[in-house]
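Below is one structure, written out as structure tokens; the observations come after it.
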Amino acid sequence: MTDRDLALKSFALRRRMLRLIHEAGAGHTGGGLSCLDLLNVLYYRVLNVSPQTVDAPNRDRYVQSKGHCVEALYTVLADRGYFPDADLDTVCHYQSPYVGHPTRKIRGVEMNTGALGHGLPICLGMALAAKLDAASFRVFTLLGDGELAEGSNWEAAMAASHHQLDNLVAILDHNTLQITGHTREVMANEPLDEKWRAFGWEVRSVDGHDYAQLTAALTTPPPKGKPLFILAHTVKGKGVSFMENVAKWHHGVPSEAELAQAITELTAAEAKLKEAAS
Amino acid sequence: MFTPAAQAMAAQLGLKPGRANLEAFAETLQTLAQADRNLVAVTSDSRGSGKLAPYGKALPRQIIEVGIAEQNLVGITAGLAACGKKAFGVSPSCFLTARSLEQIKNDVCYSNVPAVLVGISSGVSYGALGSTHHSLHDLAVLRAIHNLTIIVPADNAETRAAVRYAAQATRPVFLRFGKAAMLDVTPAGATFTAGRAVTLREGRDVAFLANGETVVHALLAAALLAEQGVSARVVSLHTVKPLDTATVLAAGRECRAVITVEEHMLTGGVGEAVASTLLQAGLAPRFKMVGFPDEDTVTGAQADLFRHYGISMEGLAATALALLGR
Ligand SMILES: [Mg+2]
């Protein structure tokens, strides 16, 4: 799949995710839109895992530490063929296995997450398991920038370089917003590149909506012995004008009219991209 | 740990001196790890306290150090277990079950990975060091989490068996070990089954339902009571969860009085588990819970605190006599 194919797919994924959140009456809209391109490139281009190899011992592992953006994950997994698209209609429903945070009951989900600051330590354990077995699989996690205030991330950041886990990749969905507002106002965390470098990581700063940049950063191996930190600059609410960079869309649910407008915008942008390339 | 009278009683009963359960744990784990390269221990600067220094020397590739970072310890242990490793996360119980409780709840129990968590120097093993180092809350908080087998072995034999059980378990297990030298209370030839209590002595007047390092004191108390014509049953309720309700109910039905004994707060411990089991079955024997009351816990050596709170041969015998109205 070319960069353009992935970019085109992202419009359909965004529409599907917004419909899902609208139907469920709950969800994390802004963060879902900001990490959707990251998931798209991971599942279609980077991760060595598929619905056929979901139990293979040497598959790549992906653990979504920012578990609240589960709607984006479910949408991409369904599109990738892990389960039928119709299952998405049950998200957050009574007794549905499609809970509002990732669980291993769902095909393709590696660990139950939702409390913040848990994904990176778990991924360290997985990366250590690969090293112990001399296995070639890589381990990926997706962090939120608000989440970085959890101290457990920094315990893990220290231990990852100590153990030279160059098979470990942490991707930061750096949309600079969290539920209360701008991250610099809630709990300032910059300069993130210097912090992670100081903890011994290889840091790569990319546009988190640029497929070429993401692919290069995620597929080029880090220096030997260094864990890899992808500082992905993203836009919360990406792709929908009235949701972009607006903190209230953290878990805002689009109304019927808002959904229709979002879909119109996404479809127009999709048509424009198709036209430009043809 | 024992008064001269208790020591004499132990000798009379032929109870052989063993080692600390923690030492029996470390030795068993090393034996298992030598036979299974898939087994790994994870430590938080705790290999010395966990008696795992020889293990670390013998099997450096099968021990992972995370530094003083218990949240990371549990997350890493869960990640290892999720990738097929038989991972034992070993850390003082006071830190393991408080600071990293959320990791235990989510990463291990909710995610349902077969990780083993080992709370070392539990209860008041560090009694003189103050409440920061007491783990008298651990069983209460862990009991309230779904999908965790909780085992508190009484002696070296139960410890060895519990470690072997945990190493082949397919679901999360928590083990709790103290660091005082134990007496062997398990009868020769006894089999260990997780979830099934061991009756160490039969009796009909009163039943001591105890676990961990308190069991031996109940056994000595039973012998002392026998001298006074009181027949006391002693049960090692080594598995706190799932509780062996059949054995608990049998005690409630067959004995006039039931006394629970634990190195734990009375709030949320095995005593309350036993009480709720008895009451819900319509049984109401005379009942007393011995353990640590809800107060600013006294500090001192474990033996001092046991005596202070009535966990001793003399204290438990007196409690039984009072409960029986003698
Ligand atoms: Mg954010």
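Residue numbers start from 1 in every chain, and the chains themselves are labelled A, B, ... in the order their sequence lines are given, proteins ahead of strands. Atoms considered below: every heavy atom in the structure, side chains included; atoms not considered: hydrogens, waters and symmetry mates.
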Open item on the list: Heavy atom to heavy atom, less than 4.5 Å: which residues from residues 49-75 of chain A reach chain B?
Closed with: A/Arg61
Task: Winner by heavy-atom pair count (cut-off under 4.5 Å) against chain A, out of B/Arg37, B/Arg61, B/Glu65, B/Gln71 - done: B/Gln71
- [ ] Please report the shortest heavy-atom distance between B/Lys241 and B/Ile145, naming the atom on each side.
- [x] NZ-O, 2.9 Å
- [ ] Find the one option among A/Asn153, A/Leu128, A/Val139 whose heavy-atom pairs under 4.5 Å with chain B are most numerous.
- [x] A/Leu128
Task: Test side chain to side chain contact (heavy atoms under 4.5 Å, CB included) applied to A/Ile171 and A/Leu143, A/Val41, A/Leu42, A/Leu214, the passing residue - done: A/Leu42
Task: Test item: side-chain donor near acceptor, B/Tyr126 and B/Ser121, under 3.5 Å - done: yes
TODO: Select all residues of residues 89-119 of chain B having any heavy atom within less than 4.5 Å of some heavy atom of chain A, and report them by number, or 'none'.
DONE: B/Glu102, B/Gln103, B/Asn106, B/Asp107, B/Tyr110, B/Ser111, B/Asn112, B/Val113
Open item on the list: Can you confirm whether more than 12 heavy atoms, excluding those of B/Ile68, are under 6.0 Å from its CD1 atom?
Closed with: no
Open item on the list: When you compare the side chains of A/Ser34 and A/Asp173, does any donor N or O come within less than 3.5 Å of an acceptor on the partner?
Closed with: yes
Task: Distance-only polar pair, side chains of B/Asn21 and B/Asn156, donor-acceptor under 3.5 Å - done: yes
Task: Largest heavy-atom contact set with chain B, pairs under 4.5 Å, which of A/Lys105, A/His163, A/Lys131 - done: A/His163
Open item on the list: Need one label for B/Glu70: side chain, backbone, both or neither, based on atoms under 4.5 Å from any heavy atom in chain A.
Closed with: backbone
- [ ] First locate atom CZ of A/Arg107, then atom CG of A/Asp87, and finally report the distance between them rounded to the nearest 0.5 Å.
- [x] 11.5 Å
Open item on the list: Run B/Lys179 and B/Glu23 through salt bridge (Lys or Arg N to Asp or Glu O under 4.0 Å) and show every step you take.
Closed with: CA-CA 8 Å; B/Lys179 65 194 195 74; B/Glu23 290 171 37; over 6 Å; no
Task: For A/Thr219 against A/Arg138, the heavy-atom pair lying closest together - done: CA-NH1, 4.4 Å
Task: Ring geometry between B/Tyr165 and B/Phe192 (parallel below 30°, tilted from 30 to 60°, perpendicular above 60°) - done: tilted
Open item on the list: Please give me the minimum heavy-atom distance between A/Ala129 and B/Cys83, naming the atom from each residue.
Closed with: CB-CB, 3.6 Å
